[in-house]
Amino acid sequence: MMNLMHWRLLVAVADSGNISKAAQRHGISQSGASQALAQLEEALGGQLLTRARRQTTPTALGEQVVGHARAMLASLAAIQDAAGAASGVRRGSIRLAAFPSVFALLLPALLSRFRRLHPGIEVIALEGDDDEVEAWLAADVVDVGVVLNPPPSRRALALGRDAWVALLPVGHALARGGAGVTLEQLAGQAFILSSGGCAVNPRSLVERAGLALTDVRVTVRDVGSAFALVREGMGVALVPESTLPEERRGVRVMALEPPLQRDFGLVCSRAGAASPAVALLLELLRARAASPPTAAVPAAPESP
């Protein structure tokens, strides 16, 4: 028998391209999600998903079914909104996309307060890099998304600000200087490049300054890997302050001179702009806008 969980799972897989992520979002095991999706395909008599090692995508039939499922779930949300308005209890859902570090550091307090104020509204989280978040916003896959350095034309609501910092082995010549280091000094060093899956990354920052990384030793996606390689003396790195681990032994963390920061803003899709539930979230954000955004993680002293 098909139920709402089947349809929500199918849409979640189409959005994330991953059964495990879809299962995690809905609080079930991966095996349970796979079984539910297989039941849905059996009930409909056709294959809805093409399962590969790294990516799960809808088939041609699956695309059609996903479209109908989205419409059905949107209608259900509208019914819940209407019923909630009549009873005085706000109901609905918000599909929110961001990259992992934002979910871990900037959003928990905000979402926790929002749930206390509006327990009838479900917030469905979707993790991706900044390119994926932009694509989901453009396609109305999500209602709101966290965008890096949004221009004024995006009408983003500020969430927070994060400074870029340099990582150097404690024995490095630049680490023996003052509290800061310049991009020009870093660009000529053996470099550990960590993209973090974002378009705004150390290489783009260096190039915008009219410089170039001349000796990239290793390229990694995960900032934790970059930190470990710097600790081993493989090179220097440039990372957002919010991604720094608590344990910093063997690494000198230095500020950039002049400082460089990245701003986080919450942007609505077309669907999100028309959502009563999203309007309540934006109302909460505007209420806290009187407090200026601060760095996501305060600096901590380094250990030799």
Side-chain angles (χ1 to χ4, degrees), residues 20-21 24 97-112 125-133 146-149 159-183 185-187 189-206 213 215-257 259-264 293-304:
S20 179
K21 287 182 180 179
Q24 185 178 19
F99 16 102
S101 62
V102 173
F103 275 125
L105 299 164
L106 287 179
L107 293 178
L110 171 67
L111 296 182
S112 176
L126 188 62
E127 288 186 353
D129 60 35
D130 51 351
D131 287 336
E132 288 174 320
V133 171
V146 177
V147 175
L148 273 178
N149 303 326
L159 282 178
R161 175 171 291 168
D162 196 10
W164 289 90
V165 295
L167 306 181
L168 299 94
V170 289
H172 196 282
L174 292 176
R176 303 190 198 105
V181 63
T182 67
L183 277 181
Q185 289 174 308
L186 293 172
Q189 303 295 318
F191 206 91
I192 309 300
L193 179 60
S194 171
S195 69
C198 295
V200 179
N201 59 60
R203 188 188 294 279
S204 70
L205 294 175
V206 169
L213 298 177
D215 186 13
V216 176
R217 297 292 176 89
V218 184
T219 299
V220 297
R221 183 182 177 94
D222 179 57
V223 173
S225 300
F227 201 93
L229 291 168
V230 172
R231 179 184 288 122
E232 294 301 316
M234 294 288 292
V236 305
L238 187 61
V239 303
E241 187 178 17
S242 65
T243 63
L244 292 175
E246 291 185 13
E247 174 55 59
R248 305 178 189 180
R249 185 168 26 216
V251 175
R252 177 81 189 277
V253 179
M254 301 181 71
L256 277 183
E257 295 179 349
L260 284 177
Q261 297 173 324
R262 59 179 192 167
D263 292 299
F264 306 100
T294 57
V297 174
E302 304 83 23
S303 303

(request) Work out which heavy atom in G235 is nearest to a heavy atom in P169; give both atom names and the distance. (result) O-CD, 3.6 Å
(message) Could you work out, with salt bridge (Lys or Arg N to Asp or Glu O under 4.0 Å) as the rule, every residue matching R217, not counting sequence neighbours?
(response) D215
(message) Using only atom types and a distance under 3.5 Å, with no angle test, would you say the side chain of N149 pairs donor to acceptor with the backbone of D263?
(response) yes
(request) Could you check if a side-chain atom of V133 sits within less than 4.5 angstrom of a side-chain atom of L148, using non-hydrogen atoms only? (result) no
(request) Kindly give the heavy-atom pair with the smallest separation between T243 and R262, and that separation in Å. (result) CG2-NH2, 4.5 Å
(request) Rounded to the nearest 0.5 Å, what's the gap from CG on L256 to CG on L205? Could you check? (result) 8.0 Å
(request) Heavy atoms only: give me the nearest V102-P108 pair and the separation to one decimal. (result) O-CD, 4.3 Å
(message) Rounded to the nearest 0.5 Å, what separates atom CD1 in I192 from atom CG in L168?
(response) 11.0 Å
(message) Could you check whether any side-chain heavy atom of F227 comes within less than 4.5 Å of a side-chain heavy atom of V239, counting everything from C-beta outward?
(response) no
(request) Please round to the nearest 0.5 Å and tell me the distance separating atom CE of M254 and atom CG of L238. (result) 12.5 Å
(request) Can you see which heavy atom on F99 is nearest to which on D129, and at what distance? (result) CD2-C, 4.4 Å
(request) Taking all non-hydrogen atoms of both residues into account, name the closest pair between V146 and F264 and its distance. (result) CG1-CB, 4.0 Å
(message) Is it the case that the side chain of D162 and the backbone of P240 share a donor-acceptor pair, with hydrogens and angles ignored and the cut-off at 3.5 Å?
(response) no
(message) Could you check whether any side-chain heavy atom of L167 comes within less than 4.5 Å of a side-chain heavy atom of L244, counting everything from C-beta outward?
(response) yes
(message) What I'd like to find out is whether the side chain of L159 reaches to under 4.5 Å of the side chain of L110, using heavy atoms alone.
(response) yes
(message) Going by the rule side-chain contact (heavy atoms from CB on, under 4.5 Å), which residues pair with E232 if we only count those two or more places apart in sequence or in a different chain?
(response) M234
(request) Would you check if D130 and V147 make a side-chain contact, meaning some heavy-atom pair closer than 4.5 Å? (result) no
(message) So which atom in Q185 and which in L174 form the shortest heavy-atom distance, rounded to 0.1 Å?
(response) NE2-CD2, 3.7 Å
(message) For residues 163-179, which residue pairs pass the side-chain hydrogen bond (donor to acceptor under 3.5 Å, both in side chains) check, not counting sequence neighbours?
(response) H172-Q189
